[in-house]
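Report on the structure given below.
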Number of protein chains: 2
Amino acid sequence: MGLPHGGRLMARRSDHSREEIKTMAIQAAHQIVEREGLVALTTRKVANAIGYTVGTLYHVFQNQDELIVHVNAATLDDLYKQLSESATHCRKPESCVLILGHEYVRFAYQHRNLWSSVFEHSLPAGDETPEWFRARVTKLFGLIEAALENITGNQRIDTQLASNALWSGVHGICVLGITGKLEHADEKNINVLVDSLIRNYLAGLSAPKK
Amino acid sequence: MGLPHGGRLMARRSDHSREEIKTMAIQAAHQIVEREGLVALTTRKVANAIGYTVGTLYHVFQNQDELIVHVNAATLDDLYKQLSESATHCRKPESCVLILGHEYVRFAYQHRNLWSSVFEHSLPAGDETPEWFRARVTKLFGLIEAALENITGNQRIDTQLASNALWSGVHGICVLGITGKLEHADEKNINVLVDSLIRNYLAGLSAPKK
DNA sequence: AACACAATTAAACATCGTTCAATATAAAAT
DNA sequence: ATTTTATATTGAACGATGTTTAATTGTGTT
């Protein structure tokens with residue numbers, strides 16, 4: 001089966017280290033998901049792309065799920081990079097959060113397959129999401145927290161609670177938008193919804209309580 | 001050629017009509033998803049549960065996706081029923097929305113597998129979500145719209161926009177909570193987030209614009 | 001040069017969604 | 001009644017999937 005690649009006879013033992021193979025597999029899987037979506041990701045396709053057979057994949061990963069989690073973690077890294085760079089040129093907290101929101105929508109629509117993969121995939125019952133993955137999520141929420149910390153309300157607010165609520169909300173809009181559960185869900189209209197959510201939520205935070 | 005049309009049934013085996021088989025299959029699939037999750041749903045399992053073979057399923061449904069969409073539609077019907085009954089004993093708009101939010105969380109946690117199925121599943125690229133399915137989603141958003149219509153702000157608000165934004169937000173909190181992407185995501189903490197989102201968003205809507 | 005050990009493969013397994021020729025059976029025609 | 005017609009249903013097959021495993025192949029060590 002495993003066709004030789006690049007004129008090589010066979011992949012020999014010391015061609016690549018364990019770590020190299022791991023990296024290659026993740027990158028190959030990343031490309032496949034990006035181009036064809038998570039449903040199109042198969043172990044054989046990944047193995048073929050890096051010039052090995054499935055057995056080698058299972059020698060490096062426990063199973064397909066572990067590979068997917070790594071792909072998704074890489075996507076979260078890309079997302080963090082794009083978001084953190086976007087919010088450097090803003091002054092008012094509201095502007096920062098709005099920029100972050102729009103940039104999040106932009107990423108979701110631009111890398112639809114990769115972004116969807118992060119939330120489509122879930123580990124089999126019993127397996128817990130590894131902490132290094134959740135750390136990435138926390139780091140992302142941290143961006144919002146940072147932007148919210150300078151909010152000038154007339155009372156202290158719990159920034160972690162607020163960033164969780166607000167950002168989950170923005171995420172929810174993207175989810176329903178991209179999966180076609182909302183009507184007229186193009187990027188422009190989605191941004192209108194995100195705007196509404198952020199503006200009013202922040203206004204509510206700053207408003208005097210009843 | 002004596003082409004029969006009208007009320008004539010042609011059930012060969014006369015055990016069940018086409019429609020009966022359809023209903024039986026949907027109910028069986030519903031049970032499987034409820035108990036074991038969408039990943040555990042197989043055509044053979046469904047066929048076996050209703051005493052037929054897979055071939056018959058494909059004689060009644062175009063493919064597995066079509067069956068799943070029907071299961072999910074039934075779930076949306078259940079959800080609508082639970083939500084619409086819950087919001088009958090409230091006066092102030094905010095109370096109604098809060099009740100709807102909490103009830104939504106309750107349904108998601110109580111029927112985790114069914115609820116997840118609605119959003120995990122997506123049709124293959126090219127297939128569009130049938131309009132009778134989207135109608136169910138619209139109907140659900142209608143519940144929020146109705147509750148928002150009595151909001152007393154100092155300026156008119158676009159209730160459809162607001163209900164889309166707010167409810168997508170509540171949904172997003174549930175998604176991240178149930179899929180374990182948030183820390184300490186038990187039902188109680190999720191409700192705190194939902195509370196924060198709804199209260200502040202509504203406060204923002206009613207607040208005077210700067 | 002021979003050995004031991006890890007990496008890698010090829011093949012197999014069970015299961016999946018889906019298709020299709022063959023069969024069974026009810027209704028219509030004779 | 002008997003034959004004809006049409007279709008509901010089956011059962012087996014197909015290709016693809018994730019995963020496992022016995023057998024090899026290559027490398028480092030003695």
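What you see below is based on every heavy atom in this structure, not just the backbone, and it leaves out hydrogens, waters and symmetry mates. Throughout, protein chains are lettered first and strands after them, A, B, ... in sequence-line order, and every chain is numbered starting at 1. Predicted, not measured: the structure shown is a model, and the values here were computed from it.
Non-hydrogen atoms lying under 4.0 Å from DNA chain C are contributed by B:L41, B:T42, B:T43, B:R44, all within residues 33-50 of chain B. Residues of residues 55-64 of chain B that place a heavy atom closer than 4.0 Å to DNA chain C, in numerical order, are B:Y58, B:N63, B:Q64.
You'll find the ring centres of A:F61 and A:H70 inside the 6.0 Å limit.
Residues satisfying the salt bridge (Lys or Arg N to Asp or Glu O under 4.0 Å) criterion with B:D195, sequence neighbours excluded, are B:R199. In this structure, the ring-ring contact (aromatic ring centres under 6.0 Å, His included) partners of A:F107, at least two apart in sequence or on a different chain, are A:H111.
In this structure, the nucleotide among C:dT9, C:dA11, D:dT10 sitting nearest to the side chain of A:V54 is C:dA11.
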- Item | Residue pair B:E103, B:R106: steps toward the salt bridge (Lys or Arg N to Asp or Glu O under 4.0 Å) verdict | CA-CA 5 Å; B:E103 211 63 23; B:R106 205 161 81 93; 3.1 Å; yes
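Within the structure, side-chain hydrogen bond (donor to acceptor under 3.5 Å, both in side chains) pairs that include any residue of residues 25-40 of chain A comprise A:Q31-A:R35, A:E36-A:K45 (at least two apart or interchain).
Among the protein residues, A:L67 comes within range of no part of the nucleic acid, since none of its heavy atoms lies under 4.0 Å from any strand.
Side-chain atoms of B:Y201 and A:S196 include a donor-acceptor pair closer than 3.5 Å.
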Anything under 3.5 Å between a donor and an acceptor, one on a side chain of residues 169-181 of chain B, the other on a protein residue two or more places apart or in another chain? List them.
{"from": "B:H171", "atom 1": "ND1", "to": "B:Y104", "atom 2": "OH", "distance (Å)": "2.9"}
{"from": "B:T179", "atom 1": "OG1", "to": "B:V175", "atom 2": "O", "distance (Å)": "2.7"}
{"from": "B:K181", "atom 1": "NZ", "to": "A:V118", "atom 2": "O", "distance (Å)": "3.1"}

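When all heavy atoms of A:A47 and A:L57 are compared, the closest pair comes out as N-CD1, 3.9 Å.
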